[in-house]
2 protein chains.
Amino acid sequence: MARPQLIDRDAVLAASLEQADTGGLESVTMAAVARRLGVTPMALYRHVEDKDDLLDGVVERLLTEVPGPDPAASWEDQLAAIGDSLRAIARRHPSVFPLLLQLPATTPASRAARDQVYGALRSAGVPEETVPRLERVISTMVLGFAASEASGRFRQHSRRVLDGDYAELATSVRATIERHVAT
Amino acid sequence: MARPQLIDRDAVLAASLEQADTGGLESVTMAAVARRLGVTPMALYRHVEDKDDLLDGVVERLLTEVPGPDPAASWEDQLAAIGDSLRAIARRHPSVFPLLLQLPATTPASRAARDQVYGALRSAGVPEETVPRLERVISTMVLGFAASEASGRFRQHSRRVLDGDYAELATSVRATIERHVAT
DNA sequence: ACCTGAACACCGTTCAAGT
DNA sequence: ACCTGAACACCGTTCAAGT
């Protein structure tokens with residue numbers, strides 16, 4: 001005899017992310033997530049393998065918040081859009097965001113974001129054999145900065161100062177790319 | 001009546017770091033650290049405030065592994081020495097290293113490392129008012145890369161590929177600095 | 001002064017039982 | 001098929017007691 005399904009994996013991950021945003025990463029317990037869903041902790045195990053799987057799912061969810069590409073935009077604007085959105089995501093989800101740097105870049109959402117950067121680099125004129133390397137280097141710069149900002153490494157600096165830092169970083173990213181474009 | 005002192009804070013932090021290097025961050029429990037020291041878990045509380053303080057101490061310890069400055073070296077070589085040593089530290093302590101990006105940059109060891117970069121930027125000819133910004137930007141690049149490498153974001157890539165990525169990043173760092181040096 | 005034993009609240013996870 | 005109750009091993013932390 002089937003029961004009405006109260007929750008699914010997506011609801012579990014959404015509740016976990018809300019909990020992390022509200023109370024920090026260490027407040028994300030099976031009990032707290034379950035309470036948010038009006039269910040017992042044991043009910044979660046039908047939808048996630050264990051707590052590690054739950055956390056992986058939450059981190060993956062972060063990348064789905066990156067908007068799709070705008071093919072009409074210049075490569076500079078495409079990259080700026082991705083960078084800005086990553087920075088905004090980090091600010092919305094400061095306790096989860098740093099985990100992005102610790103996860104293998106092989107999940108579907110992470111591939112999607114990466115392919116978007118590949119596209120921008122190609123239309124900038126970067127030779128095909130250099131595209132993957134440049135993607136790794138510049139995504140490390142942007143992810144590292146957004147994670148630093150979100151996790152409080154720069155907590156003593158004002159938003160204005162950090163915006164200036166980010167502008168400097170963006171200039172370095174563009175210069176790195178242009179160094180590989182034959183003129 | 002005094003007892004012989006079996007452990008001190010430094011021994012606790014050293015044992016914690018060993019435990020993290022051997023079994024990963026989640027294996028660092030008060031019980032595991034205490035066992036390594038031949039003591040009960042409760043004994044640790046005389047030397048660290050709580051587990052957060054213990055972890056902070058371990059992360060801080062990481063930065064003390066950065067060697068001091070060599071005043072005879074060029075600014076390029078000075079920065080390369082710091083970058084190389086950070087990368088080596090990340091490889092020695094992969095599970096703890098990523099926490100560096102999440103800690104406020106205000107601890108003594110972190111100030112020491114920062115001042116060393118300040119010195120190199122000054123001798124490169126970077127104007128004084130630009131020195132702090134450039135330090136934040138380039139340390140973010142290097143820390144972000146070392147953390148990515150250590151934590152397995154790039155685990156599918158060989159050491160040779162990652163060395164190439166690092167060389168590209170180092171070139172970007174030098175270019176970023178030179179952009180701010182009047183010629 | 002420093003460490004231990006006992007105790008507590010909390011955590012992730014399992015398994016059989018209920019609908 | 002999906003959720004719950006009971007149970008377990010483990011975790012961080014406290015406090016009074018021992019030397």
Side-chain angles (χ1 to χ4, degrees), chain A residues 1-61 93 95-96 98-99 102-103 151-152, chain B residues 1-61 93 95-96 98-99 102-103 151-152:
Chain A
M1 191 54 155
R3 272 200 179 191
Q5 176 157 327
L6 297 179
I7 57 176
D8 58 12
R9 182 176 170 94
D10 207 61
V12 172
L13 299 182
S16 302
L17 184 53
E18 265 180 62
Q19 180 64 36
D21 294 341
T22 305
L25 237 204
E26 89 286 353
S27 83
V28 181
T29 66
M30 301 306 262
V33 173
R35 189 170 341 111
R36 230 165 235 279
L37 295 165
V39 109
T40 66
M42 300 80 81
L44 304 180
Y45 286 90
R46 186 149 304 266
H47 307 283
V48 296
E49 269 192 38
D50 53 22
K51 200 185 169 181
D52 276 353
D53 179 43
L54 179 149
L55 250 22
D56 284 354
V58 172
V59 175
E60 171 83 357
R61 238 181 119 81
H93 311 294
S95 70
V96 177
L99 298 182
Q102 310 191 38
L103 217 69
S151 68
Chain B
M1 191 56 156
R3 271 201 181 193
Q5 176 157 326
L6 297 178
I7 58 175
D8 58 12
R9 183 176 170 92
D10 207 61
V12 172
L13 299 183
S16 303
L17 184 53
E18 265 181 62
Q19 180 64 36
D21 294 341
T22 304
L25 237 204
E26 89 286 351
S27 84
V28 181
T29 66
M30 302 305 262
V33 173
R35 189 170 341 112
R36 230 165 237 278
L37 295 165
V39 112
T40 66
M42 299 79 81
L44 304 179
Y45 286 89
R46 187 150 302 265
H47 307 283
V48 296
E49 271 194 38
D50 52 21
K51 200 185 170 180
D52 276 355
D53 179 43
L54 178 149
L55 250 22
D56 283 355
V58 171
V59 175
E60 171 83 358
R61 239 181 118 82
H93 311 295
S95 69
V96 177
L99 297 181
Q102 312 192 37
L103 217 71
S151 67

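A, B, ... follow the sequence lines: proteins, then strands. Residue 1 opens every chain. For the numbers below, each heavy atom of this structure counts, side chains included, while hydrogens, waters and symmetry mates do not.
- Checked against dC11(D), dT4(C), dT4(D), the side chain of Thr40(B) finds its nearest nucleotide in dT4(C).
- A distance of 11.5 Å separates CG in Leu44(B) from CZ in Arg9(B), rounded to the nearest 0.5 Å.
- Note that NE2 of His93(A) is 10.0 Å distant from CD of Glu18(A), once rounded to the nearest 0.5 Å.
- Per the geometry, CD belonging to Glu26(A) stands 12 Å off P belonging to dG12(C), to the nearest Å.
- The nearest whole Å value for the distance from the CG atom in Leu6(A) to the P atom in dT4(D) is 7 Å.
- Summarising the geometry, the separation between CE on Met30(A) and P on dA7(D) is reported as 21 Å, rounded to the nearest angstrom.
- Annotation for Val12(A) and Ile7(A): closest pair CG2-CD1, 4.1 Å, computed over non-hydrogen atoms.
- For the pair Leu37(A) CG and dC2(D) C1', the computed distance is 14 Å after rounding to whole Å.
- Phosphate proximity of dC2(C) to His47(B): absent, as no side-chain N or O sits under 4.0 Å from OP1 or OP2.
- Comparing dT13(C), dG12(D), dT4(D) by their nearest atom to the side chain of Asp50(A) picks out dT13(C).
- When all heavy atoms are compared, the tightest approach of Ser16(A) to Val58(A) is CB-CG2, 3.6 Å.
- Checking dT13(C), dC2(D), dC3(D) against every side-chain atom of Gln5(A), the shortest atom distance belongs to dC2(D).
- Closest contact between the side chain of Met42(A) and the listed nucleotides dC3(D), dA6(D), dA6(C) involves dA6(D).
- In this structure, of dC3(C), dC3(D), dT13(D), it is dC3(C) that holds the atom nearest to the side chain of Val39(B).
- Between the CG atom of Leu25(A) and the C1' atom of dC11(C) there is a distance of 15 Å, rounded to whole Å.
- To the nearest 0.5 Å, atom CG of residue Asp56(B) and atom CD of residue Glu49(B) are 10.0 Å apart.
- Distance, Tyr45(A) OH to dA7(D) P: 18 Å, rounded to whole Å.
- Put simply, CG on Leu44(B) is 17 Å from P on dC15(D), counting in whole angstrom units.
- Expressed to the nearest 0.5 Å, how far CD of Gln102(B) lies from CG of Leu99(A) amounts to 7.0 Å.
- Between the CD atom of Glu49(B) and the P atom of dG12(D) there is a distance of 16 Å, rounded to whole Å.
- Scanning both residues, Val48(B) and Asp53(B), for their nearest heavy atoms gives CA-OD2, 3.5 Å.
- Between dG12(D), dC11(C), dC3(D), one nucleotide has an atom nearer to the side chain of Arg46(A) than all others, and that is dC3(D).
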Which dot-bracket notation, 5' to 3', represents the base pairing of DNA chain D when pairs are defined as Watson-Crick or G-U with both distances under 3.5 Å, crossing pairs as [ ], and inter-strand pairs as |?
||.|||||...|||||.||

